[in-house]
Amino acid sequence: MKKILYLSLCFLLFTPSFWAHAISNDLIQVKITGVGSKLRQNIIAHLGQLPKSKSQRHAFIFNAKTNINDALESVGYYQSSLAVNLTRASHSAWVYEISIALNDPIIVKDVDIKVDGSLASEAAYAKWFSLIPIKIGDRLNHGRYETTKSQLIGLALENGFFNASYKQSQIQINRITKSASIVLHFKSGDRFKFGQVDFVGSDLDKTLLHELVPFEHESYYSTDKISEFSSILSQTGYFRSIKVLPKLNESENEVVPIKVETQNRAPHSIEVGLGADFGSSSERELEPRVRLTWHTPQINRHGHSQQTSFEWSRERPKLRTTYTIPLSHPINDQLKIQVGLIRDKYGVTQKFDTKDGDFRTSGKLESEQFLYGAARQQIFKNNWIMSYSIKSLKEVYTQEDMEYSPLYYLLGLSFSRTIRSDDSLDPKSGFRQDYHFEYADKYLGSAIRLAKLEASYKWIVTPIERHRFVSRLDLGVNIATSDQLALIPPSLRYFAGGDQSIRGYGFQELGPYRDYIIDGQKYRQVIGGRYLAVASVEYQYYLTPKWRIATFVDAGNAYDLSQFKPLVSTGLGIHWISPVGPIRLNLGVGVNNNNTAKTPWRIHLTMGSEL
């Protein structure tokens with residue numbers, strides 16, 4: 001008996017009539033057999049809402065066969081046959097059973113698409129035509145036909161063919177041969193052009209505003225250019241709302257005027273940030289941090305702006321002000337004047353413990369920086385960013401119990417370029433390259449002659465789905481005579497260690513060190529190096545689109561010619577691709593010991609895009 005019941009249940013489960021009940025309510029049950037799930041859903045959509053009254057039930061049944069045939073014909077089944085059975089009940093829902101025999105579908109034998117006008121010569125049209133969803137030999141699908149029609153008219157409107165229309169659009173069906181011919185004859189007409197751009201709502205200088213327009217007067221219209229224009233206006237930071245409106249009803253001679261409606265941001269804004277850092281202080285304690293940022297997006301009609309940030313922490317307070325002046329372009333060409341007062345710490349200072357016979361961390365190399373300068377930054381169409389600058393830096397620090405306060409006037413030049421496969425915060429591929437050069441000379445008022453060269457690279461590749469590789473290389477050199485190394489301030493030297501360097505070691509705790517004695521007490525101090533060479537390779541595997549695991553190897557160090565000891569670390573991580581960018585939790589472990597860092601390991605938590 002058990003076997004009979006089991007076989008009966010299996011029979012029911014794999015019998016189409018068991019799954020025929022598709023939709024029901026208290027008035028009617030509709031059962032559909034003979035078709036697959038996708039076609040069944042299409043039929044249900046054409047049947048519409050189930051009746052809510054007895055009168056609606058009669059109308060539903062009366063129109064059911066017509067609606068079902070429409071559903072079948074929409075996907076090419078013009079010669080289907082229906083068997084309908086209606087079971088009426090006095091005190092329960094009526095049962096409406098539909099059995100469908102599809103028979104052979106209509107096949108597309110010819111697709112005749114012709115475009116009269118200049119749209120046919122556009123690259124966008126050629127790309128669209130190569131991807132149309134209708135192919136000869138496919139089963140006729142009215143949905144794809146309507147989609148193709150809509151795509152073509154949409155393509156015309158996106159490229160400024162506002163008078164475009166269909167001369168002929170039809171499906172010709174031959175029921176005898178069970179074939180269909182699709183005809184789409186389209187007239188694009190003349191292409192419209194961009195006219196005068198009028199700004200409303202902004203008191204910025206009109207010349208400055210017109211520098212933001214990404215198209216020439218009377219160049220061909222494109223919605224991509226309209227979107228780019230809106231994006232550029234947003235990037236300026238001047239406006240809290242932006243509307244770029246083509247005034248088609250005022251166009252003359254196929255020239256469309258553009259109206260830009262803007263609303264300025266508040267004159268001033270203040271942002272407050274709270275945070276904490278654990279492990280970077282000399283006592284390895286929890287160090288609270290407070291950050292205040294005051295921003296004035298528009299100081300005058302010439303588009304000047306300023307941003308002042310104050311960051312308080314017990315060991316690293318910072319105050320910076322940047323005043324920005326647009327030059328030939330509000331975004332792509334800017335002069336930035338900067339003033340800063342910074343207290344920072346570098347490396348580690350260790351004291352020799354005679355009881356343990358080893359060095360113990362007691363502090364860091366402290367530095368106070370007073371800087372001001374100016375830089376011109378230019379962004380070119382090929383995505384290269386160039387900046388040249390002049391900066392005054394006075395830095396006060398104590399090294400080996402001796403106080404230094406050198407003054408530098410630094411001339412700087414930098415180039416950078418970032419290429420991404422997409423604009424997401426987690427690109428599948430990309431490449432970033434940065435080059436930076438600074439020069440100081442004692443004949444120009446600096447403490448010593450110094451040339452500083454840096455280069456950094458980062459690559460991201462995803463050769464196979466789910467398998468992502470991230471690698472980076474950082475190089476640097478300070479060119480100066482050996483007897484003047486102590487006069488190179490800590491902020492210009494090289495240190496290694498931390499989440500953007502060699503993971504597993506503390507932030508900037510690696511580099512050349514000096515041993516010295518004060519009042520009979522022996523000390524060791526990491527003072528930084530003239531050279532830097534750090535490389536990293538990381539493999540990431542996506543468990544899901546939002547989660548991935550990682551493993552990495554970092555290697556290198558900051559060094560002098562007299563002290564060169566490459567260090568290696570390795571580790572594991574788990575990353576969450578959040579809406580604000582990847583959040584990465586990594587555990588790094590130093591493979592080899594260092595004289596200033598024994599058996600190191602660190603947990604690193606970072607957030608943001610890797611490019």
Side-chain angles (χ1 to χ4, degrees), residues 4-108 133-134 138-154 157 165-166 169-176 178-180 182 184:
I4 293 173
L5 289 173
Y6 175 78
L7 292 172
S8 299
L9 178 61
C10 290
F11 177 80
L12 286 171
L13 286 172
F14 292 97
T15 300
S17 61
F18 182 80
W19 297 103
H21 176 248
I23 50 175
S24 66
N25 64 9
D26 294 338
L27 291 171
I28 192 168
Q29 292 182 359
V30 180
K31 297 181 179 180
I32 305 170
T33 58
V35 296
S37 59
K38 288 185 178 180
L39 189 50
R40 185 183 297 113
Q41 292 300 320
N42 189 40
I43 292 170
I44 292 171
H46 276 74
L47 286 172
Q49 219 174 29
L50 291 176
K52 298 180 180 179
S53 65
K54 292 183 178 180
S55 59
Q56 289 182 359
R57 180 169 62 186
H58 285 288
F60 180 87
I61 293 171
F62 180 79
N63 295 316
K65 290 187 68 175
T66 300
N67 290 333
I68 293 170
N69 278 318
D70 288 343
L72 296 173
E73 290 178 3
S74 71
V75 290
Y77 292 102
Y78 274 75
Q79 296 178 330
S80 304
S81 57
L82 306 181
V84 174
N85 181 52
L86 177 63
T87 303
R88 304 171 187 262
S90 301
H91 304 291
S92 60
W94 291 7
V95 179
Y96 190 62
E97 298 176 282
I98 308 157
S99 179
I100 302 172
L102 291 176
N103 299 321
D104 293 333
I106 300 295
I107 302 299
V108 177
I134 302 174
D138 288 351
R139 172 163 48 89
L140 177 63
N141 187 305
H142 286 256
R144 293 179 183 175
Y145 166 76
E146 294 296 335
T147 297
T148 303
K149 282 183 62 179
S150 300
Q151 285 178 347
L152 184 53
I153 195 70
L157 296 176
S165 61
Y166 280 100
S169 59
Q170 64 181 17
I171 301 175
Q172 300 169 346
I173 296 174
N174 188 323
R175 294 177 181 267
I176 297 175
K178 300 177 182 178
S179 62
I182 293 175
L184 292 175

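- L157 pairs by the side chain to side chain contact (heavy atoms under 4.5 Å, CB included) definition with F162, not counting sequence neighbours.
- When all heavy atoms are compared, the tightest approach of V108 to L140 is CG2-CA, 4.0 Å.
- I98 is not listed as a side-chain neighbour of T33, based on a closest heavy-atom distance of 4.5 Å or more.
- The heavy-atom pair separating Y77 from P105 by the smallest distance is CE2-CB, 3.7 Å.
- Between I171 and I182, the closest heavy-atom pair is CG1-CG1, 4.4 Å.
- Closest of all the heavy-atom pairs between V35 and R40 is O-NH2, 3.2 Å.
- When all heavy atoms of G48 and F60 are compared, the pair lying nearest together is O-CE1, 4.4 Å.
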For a side-chain contact (heavy atoms from CB on, under 4.5 Å) check, start with the C-alpha distance between K31 and V95, then their side-chain angles and the critical distance, and finish with the verdict. CA-CA 8 Å; K31 297 181 179 180; V95 179; 4.2 Å; yes
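- Here the straight-line distance linking atom CD of E97 with atom CD of Q29 works out to 9.5 Å at 0.5 Å rounding.
- Without hydrogens or angle criteria, S80 side chain to L102 main chain gives a donor-acceptor distance under 3.5 Å.
- Listed here is the closest heavy atom pair of A64 and Y96: CB-OH, 3.5 Å.
- Counting only heavy atoms from C-beta outward, the side chains of I43 and N67 never approach each other to under 4.5 Å.
- For the pair W94 (side chain) and L86 (backbone), a donor-acceptor distance under 3.5 Å is absent.
- Between the Q79 side chain and the R175 main chain, a donor and an acceptor come within less than 3.5 Å of each other.
- Contact check for S81 versus N103: side-chain heavy atoms found under the 4.5 Å cut-off.
- Under the side chain to side chain contact (heavy atoms under 4.5 Å, CB included) criterion, N42 pairs with L39, H46, A71, S74, V75, not counting sequence neighbours.
- Under the side chain to side chain contact (heavy atoms under 4.5 Å, CB included) criterion, S53 pairs with S55, Q56, sequence neighbours left out.
- A donor-acceptor pair is defined here as one N or O able to donate and one able to accept, closer than 3.5 Å; such a pair exists between the side chain of N25 and the backbone of P51.
- Here the side chains of Y145 and P133 are not in contact, with every heavy-atom distance at 4.5 Å or above.
- You'll find the side chain of S179 stays beyond 4.5 Å of the side chain of I107, heavy atoms only.
- For the pair K178 and Y78, the NZ or CZ position fails the cation-pi test of under 6.0 Å to the six-membered ring centre and within 45 degrees of the ring normal.
- Under the 4.5 Å side-chain criterion, counting only non-hydrogen atoms from C-beta, L184 is in contact with K149.
- Taken from CG in N141 to CD1 in I134, the straight-line distance is 8.5 Å, to the nearest 0.5 Å.
- Atom CG of N85 has more than 12 heavy atoms from other residues, nucleotides or ligands within 6.0 Å.
- Using a 4.5 Å heavy-atom cutoff, the side chains of K65 and V84 are in contact.
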Go through L50 and L27 one step at a time and tell me if the side-chain contact (heavy atoms from CB on, under 4.5 Å) criterion holds. CA-CA 9 Å; L50 291 176; L27 291 171; over 6 Å; no
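- The distance from the CD1 atom of I28 to the NZ atom of K52 is 15.0 Å, given to the nearest 0.5 Å.
- Here the CD1-CD distance, from I32 to Q41, works out to 8.5 Å after rounding to the nearest 0.5 Å.
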